[in-house]
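What follows is a short report on a single structure.
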Amino acid sequence: MSGTWQAARLVVERDLRLAFRNRGQLLHPLLFFAIVATLFPLALSPEPSRLRDVAPGVLWIGALLASLLAVEFLYREDAQDGTLEQFALSGRSLTWLLFAKTATHWLLSGLPLALMSPIAAYALAVPPAALPGIVAAVSIGTIALSLLGAVSAALTIGIRRGGALLSLLTLPLAVPLLIFGAQATARAIEGSDMAAPLYFLAAFAVLGVTLAPLAAAAAVRISLE
Amino acid sequence: MSGTWQAARLVVERDLRLAFRNRGQLLHPLLFFAIVATLFPLALSPEPSRLRDVAPGVLWIGALLASLLAVEFLYREDAQDGTLEQFALSGRSLTWLLFAKTATHWLLSGLPLALMSPIAAYALAVPPAALPGIVAAVSIGTIALSLLGAVSAALTIGIRRGGALLSLLTLPLAVPLLIFGAQATARAIEGSDMAAPLYFLAAFAVLGVTLAPLAAAAAVRISLE
Amino acid sequence: MDWTWFHRFGSPPHLYGLAGRLVPWFAWPAALAIAAGLYGGLVLAPPDYQQGDGFRIIYVHAPSAWLSLMAYTWMAVAAAIGLVWRMKVAHAMAASCAPIGAWFTVAALCTGMLWGKPMWGTYWVWDPRLTAELVLLFLYLGYLGLRSAIEDPQRADRASAVLAVVGVVNVPIVRYSVEWWNSIHQAPSVMKFGKPTISWPMLTPLLIMFVGFTLLFLALVLVRVRGEILRRERQARWVSEVIAA
Amino acid sequence: MSGFLSMGGYASSVWPAVALTFGIIAWNIVAARRSFAAARAEARRRIAAGDPS
Amino acid sequence: MLRGLSFDVEGGQYLEVTGSNGAGKTSLLRTIVGLVYAESGQVTWNGLGIHADARAYHAQLAWLGHESPLKADLTPAENLRFALGIRRRVAAAEIAGALTEVGADGFADRPVRTLSAGQRRRVALAGVMLAAVPLWVLDEPQTHLDSAGQGLVGRLIERQIAAGGIVVAAVHAPLPVPEAGTRRIGLSSK
Amino acid sequence: MLRGLSFDVEGGQYLEVTGSNGAGKTSLLRTIVGLVYAESGQVTWNGLGIHADARAYHAQLAWLGHESPLKADLTPAENLRFALGIRRRVAAAEIAGALTEVGADGFADRPVRTLSAGQRRRVALAGVMLAAVPLWVLDEPQTHLDSAGQGLVGRLIERQIAAGGIVVAAVHAPLPVPEAGTRRIGLSSK
Ligand code: HEM
Ligand SMILES: Nc1ncnc2c1ncn2[C@@H]1O[C@H](COP(=O)(O)OP(=O)(O)OP(=O)(O)O)[C@@H](O)[C@H]1O
Ligand SMILES: Nc1ncnc2c1ncn2[C@@H]1O[C@H](COP(=O)(O)OP(=O)(O)OP(=O)(O)O)[C@@H](O)[C@H]1O
Ligand SMILES: [Mg+2]
Ligand SMILES: [Mg+2]
């Protein structure tokens, strides 16, 4: 067990180091999110009242797409250069190794997205009082999204145009997250109680933490065959 | 010259054949578009009048993202397996070969998107009378988007996480298309005259046809260096 | 026409030396102009009859915005020259402009937002000029991102040059399309942007500020361009001579 | 003086704006010099190591 | 695809698999390490089917395929630290020693991205060596290597079998390994 | 990186470039075909710098790098039809003949995806042959090939130089090509 723990720690360290060696790339999901949040007012209307109405939808769809974009790279390089094969043949629990990878991934993509969401929300004319609630909702939501994405990304390893298939697999599964997330955000904007939708989001995250790494490990093994 | 023509024809034929050999993948941008169009009513509200209001924005952002998703694959395989290197060393005009590739790409992604847009629009409570105008606008807009994407995709060849960078490069350049596209759609929905925005879209498409293949060829040569 | 000046300018050791000599000639006047402009703007200029003292933000905001656009233009021109004539020095110039331009875009956005709060009651509205400036920031970030993603400096130069040239075509297009977009959707009434009626005592410090920021930009570019030249010329003999000296 | 500092009630906008701009100017000066110094140090290191590439 | 094949290998043996292009060498090796399932028949390790306790089996083997499993953005030393670290504790000195041994000390601190094809292969071989496991399965280990590199592969294999380990390798030209302890099987298409 | 290198090759000659791993063979070949620019010095063809009229120069050469440029979803025959087709008109019979010659007739109609490493290399060689150009530049052409494949590469080169063509190849082990008409240059690191 201590060996597994040590191995997982090394995986985290390695992924962090790789990320910081390409520091610029950490910004991409953030920028994507920012750009999508900019495009909406351009495509809809610059009026604050109308923007405020669509803000929950825009924020969650932006977060969903940005996190999808990011998760596409979760395994790609490891699969291409044979690292994933080595993980599977390392004699360690693949589930744990992948859990470590997914956790690092959320740290590097989901968390920054959550920290960025108040800025985007403000640009969509959301009142400042609603911002803390929005950060909470997006944080929990992205945990669930990362875990969900980890499974679909594992299923699409080695498929040539995996990215498109990945969206297709993930988006329908992400619908409940989107609904509760948008609901939580809408309530935050109205100033009403957001406990119920947050509770659902948290439930999905917990479910994800327990099941997703197992499913991802199984999917990776299948993909390598 | 007849040799160049013959070469371009073969490129088109090859890409069509590859596409039909992976028929399923032709559907991905379409499905992505469809999913984004469905997510909005879920995240916002199912009321027809509100949906109709956001329809132009949703349609164009959906089309933009779907076409971005598709253009990511324009060169990826050819770059990885060395085909692009062979193109550059073929003794033929790289500009023409890439123009042929981009045209085929639009045929396989932009055109289906345009044909699909009335369905998505209808789902967003757009009145049927507006649908032909929407098809026209999306057709022309996707031509310009494909050409624009062909340049940014060429710039990101061989970059490890090209996809994210690709979005970052393309989205700001696509702002005018988005604005005029959404405007044309809004006018189609209102039933007013949509000549002016369509005219702008067409101007961008023409500008793209003349300049984009040249820029793409320069970018490809640089990427191979 | 005699083109020797062009080739001389294009020679890396020449520009390296020239830039080094020119820096103080831009830097000190820049410091002087900015100090004078600031004093004139914050102290001497009378308050605006509508906005009171709030309008004084213009003395940092407008020059920053001006610099952000000027830097992009310079960058694109240098990039185009570099592409066409395969001129290392021009690429070095383009690469030097980008981070400066990006930072002053941030400055324009932030000071504009700080100005917006008292004037419009909110930090941000989707006004055409603001939106265009935001898109400009994305263009800069894309340029810097592309550059940092490519390992080989020669490749990075040429690829980002193509992007800069494509982008410069886009800046005015964005500007006018955004204007058109916002004039059709009715604009929120809080933000009638129109030019404040500006009097000479107000205008003079502003003009001095413009001069100061331009000189500052040139000084910054010249410092950076020397480093960029060294990065591109590291195997050349003149570098070892210059460095050893 | 306090009248000057209060900027006719706009102090909370004007001073942050000025400070921010000058912060960015200062940072640009530092960054430009650093970028040049780094390039020179790198060149010096290579020459000292006798590595021409 | 592969039929009528049956063999066993013992500690201290080197099994060289040869065969013309497409004979099935790669497929055989991937079956041995358990990346693909045999359609009929089975692979056993210490008398047990390898899929019975795959994790224990994998802890005993090192696999090197056609491609070298290296991260382009990390240096050779970092690559080995992370790749080996998930299997066992390795000291930095051990890694440095292995890199020297495969002739990779000259570029131990450059990103792998900048290495030539043969330089990468050498780093990958150091990884196999450092795994410190009894069974090595190598697919064309000498690809891209110069003649000194061929000798190196031979020496590494020799040392591994001298220590009682097992090496299975697919090759096109015989490796310079002493005849004693070497067994060869040739695959033929059809 | 490469310094002090100067040579010229004439019609009917085979130039074999050798050198240890990382000596710069790949870099040299990529410079020769014009994919990278020489930092100093230049490559000339018929007395003209190759970048002066790059397209005309490229119409005269065939390049095969470390990887075989094949589409995984097309069959070998289709691959050749499209790859060669952009250079010149090729008849189906010509392609079939070339595939037979490289021993690829057995799998001419299977997607390349299912071929082994050596089988792919053979198809790529058929492509070089069919280009029907005077200059071939090959980076380790015999990678992944069995011994029959090595002989095949030798024969192809021999035929090309007999017809007055030029072949430049980077290799680790000398190819079986007659001494007459062969020149060797060795690169050494540093
Ligand atoms: C985030 C907010 C803002 C941004 C991004 C922004 C952007 C810009 C830009 C790009 C320019 C230069 C235009 C040119 O040189 O053609 C500019 C100039 C100017 N801005 Fe702003 N601005 C913002 C907020 C404001 C506010 C709130 C005011 C005053 C109410 C204001 C007043 C001015 C004035 C007076 C000029 C100079 C005069 C001119 O060139 O027309 N800006 N701004
Ligand atoms: N992008 C790069 N940056 C720095 N050094 C590089 C880069 N690419 C290659 N090199 C170095 O240049 C040298 C020559 O590399 P090259 O790939 O030409 O070698 P090679 O002779 O083909 O070797 P091999 O036999 O292993 O294929 C190597 O030392 C390599 O590490
Ligand atoms: N996915 C697949 N579907 C069908 N046939 C396949 C598939 N993968 C491999 N083959 C076939 O199986 C045979 C064995 O392939 P394998 O890769 O094991 O050969 P190999 O001996 O390693 O050859 P090489 O020396 O060229 O590497 C080949 O004829 C190949 O075409
Ligand atoms: Mg094989
Ligand atoms: Mg090589």
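Order of the sequence lines fixes the chain letters, A, B, ..., with proteins taken first and strands second; residue numbering starts at 1 for each chain.
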With rounding to the nearest 0.5 Å, note down the distance linking CG in E:Leu156 to CD1 in E:Ile161.
-> 11.5 Å

Among F:Leu115, F:Asp146, F:Thr18, F:Val171, single out the residue with the greatest number of heavy-atom pairs under 4.5 Å to chain E.
-> F:Asp146

From the list E:Leu145, E:Thr26, E:Thr143, the residue making the most non-hydrogen contacts under 4.5 Å with chain F is E:Leu145

Interatomic distance, E:Leu64 atom CG to E:Met129 atom CE [nearest 0.5 angstrom] | 13.5 Å

Comparing E:Ser116, E:Gly19, E:Ala173, E:Gly149 against chain F, the one with the most heavy-atom pairs below 4.5 Å turns out to be E:Ser116

Is chain E contacted by the side chain of F:Glu140, its backbone, both, or neither, given a heavy-atom distance below 4.5 Å?
-> side chain

Highest number of heavy-atom pairs under 4.5 Å with chain F among E:His66, E:Gln119, E:Gln150, E:His144 belongs to E:His144

Chain E heavy atoms under 4.5 Å from F:Arg122: which part of the residue, side chain, backbone, both or neither?
-> side chain

More than 12 heavy atoms of other groups within 6.0 Å of F:Glu158 CD = yes

Between E:Arg113 and E:Asp73, does at least one N-O distance fall below 4.0 Å, as a salt bridge requires?
-> yes

Is there a donor-acceptor pair under 3.5 Å between the side chain of E:Arg87 and the backbone N or O of E:Ala132?
-> no

